[in-house]
Number of protein chains: 2
Amino acid sequence: MKDGPDISRVAALVGDPARSNMLLALMDGRALTAGELASLSGVTKQTASSHLARLLDGGLVAREVQGRHHYYRLGGADVALALETLLCVSERRNGSRTRTGPRDPDLRRARICYDHLAGELGVLVYDRMISGGLIVDEGSKLTVTPAGWAALDRIDIRPDEIPASRRPLCRTCLDWSMRRHHLAGRLGGQILKTILLKGWVRRVPDSRIIRFSSSGERALMAWLPPQPSPGRNSSGGRVPGRAG
Amino acid sequence: MKDGPDISRVAALVGDPARSNMLLALMDGRALTAGELASLSGVTKQTASSHLARLLDGGLVAREVQGRHHYYRLGGADVALALETLLCVSERRNGSRTRTGPRDPDLRRARICYDHLAGELGVLVYDRMISGGLIVDEGSKLTVTPAGWAALDRIDIRPDEIPASRRPLCRTCLDWSMRRHHLAGRLGGQILKTILLKGWVRRVPDSRIIRFSSSGERALMAWLPPQPSPGRNSSGGRVPGRAG
DNA sequence: TTCATGGTTCGAGGGTAATCGAACCATCAT
DNA sequence: ATGATGGTTCGATTACCCTCGAACCATGAA
């Protein structure tokens with residue numbers, strides 16, 4: 001009778017408000033302590049501990065113990081993706097009921113999704129990289145073109161500096177606010193790391209929001225391939241000359 | 001404190017085994033009656049009715065009344081996507097614990113996801129259509145190329161025959177068993193409809209499984225563009241010629 | 001050692017909701 | 001009309017689990 005794995009188990013884990021708040025707080029990819037997660041989700045330490053134990057057992061979070069601090073991190077990129085898709089559904093269903101706070105526009109503009117850039121700017125980066133020929137969708141996977149590596153080299157991202165892992169290099173992630181794809185995977189993480197390091201963006205404390213400095217946004221736009229002209233589309237898909 | 005919409009509400013709806021069974025049963029895109037859903041999920045009519053009312057209120061399913069029969073269908077493509085991603089997570093987390101039944105290989109091979117083709121063959125169709133240049137990822141969206149329309153015309157799919165709606169024509173959907181993309185959207189639905197009509201595949205009753213007839217599989221392969229690289233090349237992803 | 005801090009474990013209380021029996025309503029067939 | 005079938009509503013029972021107070025364990029500091 002059961003088709004696949006027990007989907008209700010993980011869904012029930014996300015189904016509690018306290019736990020979902022914790023998970024959303026971890027969406028920025030940072031590892032938070034149990035105490036921080038407790039106060040963030042509005043429950044006592046004991047309750048939080050119980051919830052975290054369940055999340056850990058279910059594999060939705062991972063724990064790292066440092067001294068007397070227990071750091072919790074999201075269980076993986078797939079967990080982040082699942083949360084984003086759930087956000088997608090929630091948004092559509094009771095979106096009208098939810099009042100949008102003042103921070104929402106910033107959140108839509110640019111935010112951290114697990115470890116990479118999301119929001120309008122995240123989608124924009126992905127779009128430009130695709131239309132500019134820096135990455136191509138080969139069906140089975142996204143790959144970086146030679147022109148792409150050349151462009152990445154200009155912001156000091158080189159293949160040998162991206163940590164190796166079983167995780168795919170490029171991946172797409174569905175965007176909750178835009179309902180479009182943006183760049184995830186190791187490369188997506190590396191890009192965010194880089195623009196943070198370069199000071200193009202800075203994080204807003206205790207939130208997923210990231211804010212571009214005006215010079216940073218200019219620098220990003222200068223790095224990205226320009227928007228293609230609206231007329232002819234990809235069949236000729238040449239990499240813009242400036243990139244080479 | 002709340003970032004976005006109340007994600008825990010929808011997650012809690014999926015979090016009950018009876019409800020998740022119902023939702024998974026609806027993943028094939030068909031509309032089932034309340035009674036069928038009751039027996040499928042293993043609860044009485046009364047319980048099922050209560051669950052369905054909740055799902056309806058949450059927008060996860062839609063109801064259509066015909067005579068004394070109440071047909072329930074999935075609330076939308078985004079709901080199907082969310083369920084697939086949750087399947088993805090569940091698979092990874094407690095996949096080893098779940099014993100794989102005999103039907104699983106068939107389910108992995110080809111199944112219905114909402115209204116389109118999924119599984120190995122679904123991914124294969126998507127891959128070939130991308131690598132063969134029938135559809136292209138323009139970043140913001142997938143579009144069908146002129147060559148793509150010509151190919152689709154050969155299996156009697158024409159632009160004016162695809163029902164208009166706000167739903168995107170082409171969309172990708174993450175595959176639970178393959179963890180890769182396959183073709184969704186209105187075009188994905190139309191393709192499935194077509195190959196069902198042509199008798200290339202037939203549905204296995206009371207499941208999401210679809211089975212290709214041998215002639216049907218040959219016909220599909222004959223229609224699809226051939227695989228680009230000569231041998232099976234799993235790791236050394238070759239960039240298609242025109243990107244360079 | 002002694003104290004303080006961060007986390008977990010235990011137990012009890014309380015509320016939500018899943019479940020089913022029974023009754024009720026609507027539709028179709030005879 | 002009368003009966004049969006498909007669904008929903010109501011009420012009561014039951015079980016789960018969320019929550020927190022209190023106690024307990026581990027680490028770091030004085």
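It should be emphasised that the depicted structure is a prediction, and the values quoted were computed from it without experimental measurement. The chains referred to below are lettered A, B, ... by the order of the sequence lines, with proteins before strands, and numbering in each begins at 1.
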Who pairs with [X] by side-chain contact (heavy atoms from CB on, under 4.5 Å), at least two apart in sequence or on another chain?
X         : answer
Ser214(B) : Arg218(B)
Asp16(B)  : Ala18(B), Arg19(B), His51(B)
Glu36(A)  : Leu32(A), Thr33(A)
Lys45(A)  : none

Grab the [atom1]-[atom2] distance between [X] and [N] for me, whole Å please.
X        : N       : atom1 : atom2 : answer
Leu52(A) : dC17(D) : CG    : P     : 17 Å
Tyr71(B) : dG6(D)  : OH    : C1'   : 11 Å
Leu55(A) : dC18(D) : CG    : C1'   : 13 Å

Cut-off 3.5 Å, no hydrogens considered: what does the side-chain donor-acceptor table look like for residues 67-80 of chain B, sequence neighbours left out?
from, atom 1, to, atom 2, distance (Å)
Tyr72(B), OH, Arg63(B), NH1, 3.2
Arg73(B), NH2, Glu64(B), OE1, 3.4
Asp78(B), OD1, Arg93(A), NH2, 2.9
Asp78(B), OD2, Arg92(A), NE, 2.9
Asp78(B), OD2, Arg93(A), NH2, 2.9

Distance test, side-chain N/O of Arg54(A) to OP1/OP2 of dC18(D), below 4.0 Å =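 Affirmative; the distance criterion is met.
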Is any side-chain N or O of Thr47(A) closer than 4.0 Å to OP1 or OP2 of dC20(D)?
->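 Answer yes for this pair, as a side-chain N or O of Thr47(A) is under 4.0 Å from OP1 or OP2.
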Comparing Gln46(B) and Ser50(A) on DNA chain D - which has the more 5′ nearest nucleotide =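 Residue closer to the 5' terminus by nearest nucleotide: Gln46(B).
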Tell me, please, the opening and closing nucleotides of DNA chain C, 5' to 3', among those with an atom under 4.0 angstrom from a non-hydrogen atom of chain B.
->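 The contacted stretch runs from dA17(C) to dC28(C).
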Going by an N to O cut-off under 4.0 Å, is there a salt bridge joining Arg111(B) and Glu84(B)?
->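 Yes, charged N to carboxylate O under 4.0 Å.
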Identify whether any heavy atom of Tyr72(A) sits under 4.0 Å from a base atom; if not, whether one sits that close to sugar-phosphate; answer base, sugar-phosphate or nothing.
->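 Sugar-phosphate: the residue Tyr72(A), judged by heavy atoms under 4.0 Å, touches backbone atoms but no base.
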Return the 5'-most residue of the pair His51(B), Lys45(B) with respect to DNA chain C, ranking by each residue's nearest nucleotide.
->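 The residue mapped nearer the 5' terminus is His51(B).
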